[in-house]
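Notes to accompany the following structure.
Reckoned from all heavy atoms, side chains included, excluding hydrogens, waters and symmetry mates. In what follows, residues are counted from 1 in the order of the sequence shown.
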Amino acid sequence: MRGVNRAAWYFVAITCVLGVGAPLGAQTWNDPRSLSLAQGAMRRRAEQLADTGLADYQASAHGYVAFLAQLGEGLRTPPKVIKTDELALEVYWRAPNLSKQRIIGRRDTLLLPTDIAYHRDHLGIVQNNFPNIIRIGEGDEVRDVPHPLSPLGLSEYDFALTDSFAIGSGAQRINVYEVKVRPKDDRQPRVVGAVYIDPSGGQVVRMSLGFTRAAFLDNALEELSVVLENRLVGGRFWLPSHQEVEIRRSGTWMDFPARGIIRGRWEISDYRFNLSPPPIIFTGPEIVQAPPDVTARYPWKGRVLDSLPPDVRAVTDADIQRVQQEVRELVRAQALARSQRAALSARTISDIAHVNRVEGPALGTGLSKVIGGGASMDGRARFGFADHEVKGSAGFTFARPSFGSLRLFGGRDFRDVGDVVERSGAVNSLAAQEFGSDYTDPYRVDAGGVRFEFPEMGSTTVHFTGSYEHQSPLAVHAVPVTGHYRPTISADDRHVTRWVLEAERVPSLWWLGTELSFRADARFTVPVQSNLAGYGASDLGTMRGALVANVERPIGDFRLVTASTIAGVRTFASGAPVPVADLAYLGGPISGPGYDYHTIVSTLGWSEHLEVRIPAPFPAFSLGRFGRVPSRGSFAPYAHIVGTGGPTPRGFPSVGAAYLTPFDLLRFDVARGLGTRGRWTFSVDLIREFWKIL
């Protein structure tokens, strides 16, 4: 029955998207038919609580509550599972409205240290499709929101009958009407979404709800979406069958690009009726946990992550995506937007403070302001204490989901020549300050231009940038605590127009169970004038392309990891010199382990990396309220080669091994270059997912 029910809802979703089914004409709010359905469902909700045929029931619920995190500018990278709880519940209900849920099994898997504590109602299911007043997060997240199918809700919401379809088969086949719901005043704490009603009896078959901004008591909340599905049990009663909830919070400190997600998914089954449970069961809180000796005996099978459904790991489950889209369509954007005050902002920690050989210690900050209607403004500035110069940028952005985004920008900043980031920003600042080891090769860019980002295409984003720039070299101004800095690159001093087409795919499933991510760009740079005898400005223009791709695949407890890089440049005129900033630079812990940073330079360069991650022991210990460090890390032997093209192609092979601590939090790397420039190298850094904010 469960499979048939879910299959029916997937069919409904597809037919709604494709426009197939039995359309009921143009959407009309508060017409007699829509109001009659809402009123009938409201009466049926009240009647079912007093239905003498349903004195009580007992059921079983199995679910997952997961905490996930997203990091990085734009929050495009798929969320990473931080902690997952798997739960088994005994569910009791007794007329007219008594409810009790007892957690008899609970186990968790911690993938990164966290002290998150869920609200009690996140650990259980929703009974009776919510009471007449909706509360979520024990009233800390959503409180005192009128139910649309309550006496108060009928006067506070608009209703529109938008579609009808049949679900089930044979004697279980029923007609269902979709009724959209929106608040009359979207500035008040209200729900937005749709209810699905059996018109023959007024039963609620499904609810898909989001909330207005005014409903959120926590300003960090972005979205809260709920899907409640019921099924016909005992041929008479519509009772909970499948439930999903997704709660998104984003950082409010300096507009930092970090998001936390709580995702719950429940299946309810094994209903038994009229067992007359003793009244004492319903005393105390609605959701309680059984004693430890009871939960310890629950017969789990396999590991938590082995049984974790794909939609819990996904960016956002398809059902939740439909709820979020529906909410955006039914109410004004202002009813969903957070407060629009100007706020300090930073894309990474290095935007606030960093160290390099040009600026020395540098401090900065940013300011952003959402104007409304998809428009926003932002600006950033920093000051280097060694070069005594201010760098900064400002921009105006207009964005719409169906349009994409258009950004006008201008400013003065540094640009690095590398296609591959070799070290996180925080570790590079520490190494640069203490040891004179700066893994950046910057040159200065004064630029103004426009950037257009196309609407999202699944896991891939594409953007085009056109700009007018003055590029110029930089000099070393800082002095490290120990050691000395190498010189900066001798970038050309030139005025150019620059056109760049970029595509980026976040890590997502690909062929044969692999996970693919890549970043590619093609750019054309044309000097405004030429100072080189014998060459015009167009002769010195360059065409450059680069691709950095990573493919990973789990094989049992092992993990196969590959990384590929290729970059090449040529001038418009044969024989014309290639600007220093446009060459391909390789060498370093990522693009060329066993070789010094950016010591392999060519007009055409490539690298290939192959490693196998094998489970390895690690001493387990407690982190107190942040959990416990597991007893397993990873050992990763690898082979690597760097190659250059041109008249005399060369290869630079290396071998090495890495150890990744539990949670993959730290990576220790040792490598030996086997070519003429090779040597022993050692590096340590944080997990690469964190580099986006470091």
Side-chain angles (χ1 to χ4, degrees), residues 71-73 253-254 256-258 344-366 380-393 411-445 472-491 585-599 658 661 665-671 679-694:
L71 302 172
E73 189 174 9
W253 181 75
M254 292 194 75
F256 207 64
L344 293 176
S345 66
R347 298 164 298 180
T348 66
I349 292 174
S350 294
D351 280 352
I352 303 169
H354 66 249
V355 178
N356 60 43
R357 63 189 185 278
V358 176
E359 298 175 285
L363 297 178
T365 189
R380 305 181 192 281
R382 72 176 185 275
F383 177 77
F385 288 87
D387 65 353
H388 304 291
E389 288 193 8
V390 175
K391 281 74 64 176
S393 62
R412 165 177 288 188
D413 210 335
F414 295 172
R415 180 183 294 148
D416 200 89
V417 298
D419 295 292
V420 178
V421 179
E422 303 286 347
R423 184 189 273 167
S424 68
V427 170
N428 190 71
S429 290
L430 178 63
Q433 175 180 282
E434 299 297 324
F435 311 113
S437 175
D438 181 8
Y439 281 6
T440 64
D441 266 330
Y443 60 99
R444 188 166 67 188
V445 177
S472 56
L474 294 166
V476 175
H477 296 281
V479 177
V481 175
T482 60
H484 64 277
Y485 290 122
R486 60 190 180 86
T488 55
I489 62 169
S490 54
Y585 291 79
L586 297 168
I590 306 300
S591 68
Y595 298 90
D596 286 335
Y597 176 73
H598 283 187
T599 54
T661 64
L665 194 59
L666 290 173
R667 178 179 173 119
F668 297 86
D669 233 298
V670 61
R679 66 181 188 88
W680 286 102
T681 59
F682 174 80
S683 65
V684 59
D685 213 321
L686 293 165
I687 183 175
R688 294 201 68 176
E689 279 87 346
F690 287 154
W691 290 19
K692 304 177 186 68
I693 60 170
L694 293 175

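Listed here is the closest heavy atom pair of D351 and R380: OD2-NH1, 4.3 Å. Across all non-hydrogen atoms, the minimal contact from R444 to F414 is CA-CD2, 4.4 Å. The two residues R412 and V390 come nearest to each other via the heavy atoms CD-O, 4.2 Å. Closest of all the heavy-atom pairs between P442 and D416 is N-OD1, 3.9 Å. Nearest heavy-atom pair across G360 and A478 is CA-CB, 3.5 Å. Of all heavy-atom pairs spanning P589 and E422, the tightest one is N-OE1, 3.3 Å.
N428 places a side-chain N or O within 3.5 Å of a backbone atom of Y439 that can act as its donor or acceptor partner. Formation of a donor-acceptor pair under 3.5 Å by the W691 side chain with backbone atoms of A426 is not found in this model. Under a 3.5 Å cut-off, the side chain of R357 and the backbone N or O of T440 do form a donor-acceptor pair. Looking only at distances, no side-chain donor or acceptor of S437 sits under 3.5 Å from a matching main-chain atom of A431. A donor-acceptor pair under 3.5 Å is absent between the side-chain atoms of E389 and the main chain of G384, judged by distance alone.
Rounding to the nearest 0.5 Å places CG of L586 at 7.5 Å from CG of D419. We find the OG-CD1 distance between S424 and I349 to be 9.5 Å, quoted to the nearest 0.5 Å. Note that the CG atom of L363 and the CD1 atom of I352 stand 10.0 Å from one another [nearest 0.5 Å]. The CD1 atom of I590 lies 7.5 Å from the CG atom of D685; values are rounded to the nearest 0.5 Å.
With contacts defined as side-chain heavy-atom distances shorter than 4.5 Å, the pair T661/F668 qualifies. For the pair L686 and L666, the minimum side-chain heavy-atom distance is below 4.5 Å.
For the side chain to side chain donor-acceptor pair (under 3.5 Å) condition, the pairs that include at least one residue of residues 474-491, sequence neighbours left out, are D441-R486.
At a cut-off of 3.5 Å, with distance as the only test, a side-chain donor of H354 or E359 sits close to an acceptor on the other residue.
With sequence neighbours left out, Q433 forms a side chain to side chain donor-acceptor pair (under 3.5 Å) with no residue at all. With sequence neighbours excluded, the residues satisfying ring pair (Phe, Tyr, Trp, His ring centres under 6.0 Å) with F385 are F383.
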